[in-house]
Amino acid sequence: MKTDKRITRWKYEFLLLMCSFGCLGPVVRGINLPTAVIVWARALISACALLLFHLIFRKKIGKEILSFLIPMLASGVFLAIDWIGLFASYRYTTIATATLCYYITPVLVLIGAAVILKERLTARKVICIAVAFLGMILVSGVVENGLPGLRELKGVLLALLGAAGYSGVILINKKYPQGDPLMRTFVQLSTAAVIMTFFILKTTRPGAYPLSLKDVILLFILGVVMTAAAYIAYFSLVVRIPSSSVAFFSYADPVVAVMISVFLMGEPFSLSALAGGILIMGAALISELAPGAQAGE
């Protein structure tokens with residue numbers, strides 16, 4: 001019973017964390033820099049913040065880091081792919097469409113968990129996945145408007161690339177849960193920063209993009225608050241709750257993103273997209289509130 005209560009608490013903490021991720025789009029949109037530069041700055045600032053935190057609290061780096069170093073390096077590569085795909089998609093389509101297309105991730109995670117982690121994929125989970133996927137189709141606007149234009153399609157494909165990267169991060173961290181969350185997060189963010197540094201040096205001329213005060217403030221919020229602190233919590237919680245909970249509670253992110261997109265940024269949102277959002281959240285709630293879900297099945 002005590003274990004069940006702890007799992008329930010972790011699930012609610014993860015839900016709140018996902019809601020905070022839903023605020024990512026407007027912050028990225030507000031930074032007047034190329035996508036690659038934003039991704040690089042996010043990874044670098046967050047890695048430096050974690051290093052500072054480590055030095056302040058003088059946490060020792062033990063030999064146990066070797067037990068998860070290679071998987072976390074691989075996860076860092078997927079993390080870079082994740083951020084590049086998602087942030088670039090914001091430039092070509094609305095935040096709502098990009099975020100909701102990005103959240104094909106739960107489908108990939110549950111399938112990957114069944115194949116790689118050997119977790120049981122029940123009939124209820126399959127039905128919920130199908131309903132959520134139908135909801136994403138409605139949100140994309142394909143039913144009402146037909147296939148998207150070239151620019152819109154590019155945004156959708158970039159969001160799907162980000163989804164593939166995000167799925168890799170989740171599955172690797174589920175398969176290799178050992179180690180201190182701070183060190184795990186530091187290795188992954190540092191790897192992403194190194195990858196993006198080489199990419200930036202090859203594609204961007206130094207000093208080509210002057211920083212405004214607003215850019216600096218938003219980059220600080222993005223790197224320290226929405227990445228360093230958030231990812232410590234994320235990597236700590238993702239190994240403690242079932243993959244199904246990670247997948248379905250992740251839908252809180254697009255719901256919050258859509259609400260911000262529509263009500264604060266004035267982006268268009270149709271009735272079919274509203275119906276799709278209801279299907280997505282309905283599937284998540286049914287999956288989590290059904291008997292046996294709290295125990296992690």
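- Among residues two or more places apart in sequence or in another chain, the side chain to side chain donor-acceptor pair (under 3.5 Å) test is passed with S46 by none.
- When hydrophobic side chains of Ile, Leu, Val, Met, Phe, Trp and Tyr are connected at separations under 4.5 Å, Y92 ends up clustered with L158.
- Using a 4.5 Å heavy-atom cutoff, the side chains of I45 and L222 are not in contact.
- Inter-residue side-chain proximity for M226 and S20 is flagged as unmet; no heavy-atom pair is nearer than 4.5 Å.
- Counting only residues at least two apart or on different chains, no ring-ring contact (aromatic ring centres under 6.0 Å, His included) pair has a member in residues 179-203.
- Within the 4.5 Å cutoff, side-chain heavy atoms of P26 are placed close to those of I95.
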List the atom pairs, with distances to 0.1 Å, where a side-chain N or O of residues 252-264 and a protein N or O form a donor-acceptor pair under 3.5 Å, not counting sequence neighbours.
| unit_1 | atom_1 | unit_2 | atom_2 | d |
| --- | --- | --- | --- | --- |
| D253 | OD1 | G22 | N | 3.4 |
| D253 | OD2 | Y103 | OH | 2.6 |
| S261 | OG | E267 | OE1 | 2.3 |

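- Put simply, the side chain of L171 does not reach to within 4.5 Å of the side chain of K175, judged on heavy atoms.
- Residues L219 and L211 meet the side-chain proximity criterion, which asks for heavy atoms closer than 4.5 Å.
- Evaluation of the salt bridge (charged side-chain N to carboxylate O under 4.0 Å, His left out) rule for R9 yields E13 as partners, not counting sequence neighbours.
- Cluster partners of V77, using a side-chain heavy-atom cutoff of under 4.5 Å among ILVMFWY residues and allowing indirect links, are I81, L161, I195.
- A 4.5 Å side-chain heavy-atom check between R184 and N173 finds at least one atom pair inside the cut-off.
- Contacts classified as ring-ring contact (aromatic ring centres under 6.0 Å, His included) and involving residues 157-182 (residues at least two apart or in different chains) are given here: Y102-Y166.
- Partners of T94 according to the side chain to side chain donor-acceptor pair (under 3.5 Å) rule, which considers only residues two or more places apart in sequence or in another chain, are T97.
- Residues in residues 154-164 take part in no salt bridge (Lys or Arg N to Asp or Glu O under 4.0 Å) pair, two or more places apart or across chains.
- The two residues L24 and F87 come nearest to each other via the heavy atoms CD2-CE1, 3.6 Å.
- In the hydrophobic clustering of ILVMFWY residues, with side-chain heavy atoms under 4.5 Å counting as a link, L160 and V169 come out together.
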Exercise for review: Start with the C-alpha gap between L79 and L189, add the side-chain angles, then the distance that decides, and say whether side-chain contact (heavy atoms from CB on, under 4.5 Å) holds.
Suggested key: CA-CA 8 Å; L79 190 61; L189 292 176; 3.6 Å; yes

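- Taking L16 as the reference, nothing meets the side chain to side chain contact (heavy atoms under 4.5 Å, CB included) condition, with sequence neighbours excluded.
- Listed here is the closest heavy atom pair of M72 and I172: CE-CG2, 3.9 Å.
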All N/O donor-acceptor pairs, side-chain side in residues 31-41, below 3.5 Å, sequence neighbours left out:
| unit_1 | atom_1 | unit_2 | atom_2 | d |
| --- | --- | --- | --- | --- |
| W40 | NE1 | T197 | OG1 | 2.9 |

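- Under the side chain to side chain donor-acceptor pair (under 3.5 Å) criterion, the residue pairs touching residues 210-222 are S212-D215, with sequence neighbours excluded.
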Exercise for review: Could you give me the CA-CA distance, side-chain angles and deciding distance for R42 and W83, then say whether side-chain contact (heavy atoms from CB on, under 4.5 Å) is met?
Suggested key: CA-CA 9 Å; R42 182 190 191 188; W83 291 353; 2.9 Å; yes

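- Side chains of Y234 and M18 form a contact here, defined as non-hydrogen atoms less than 4.5 Å apart.
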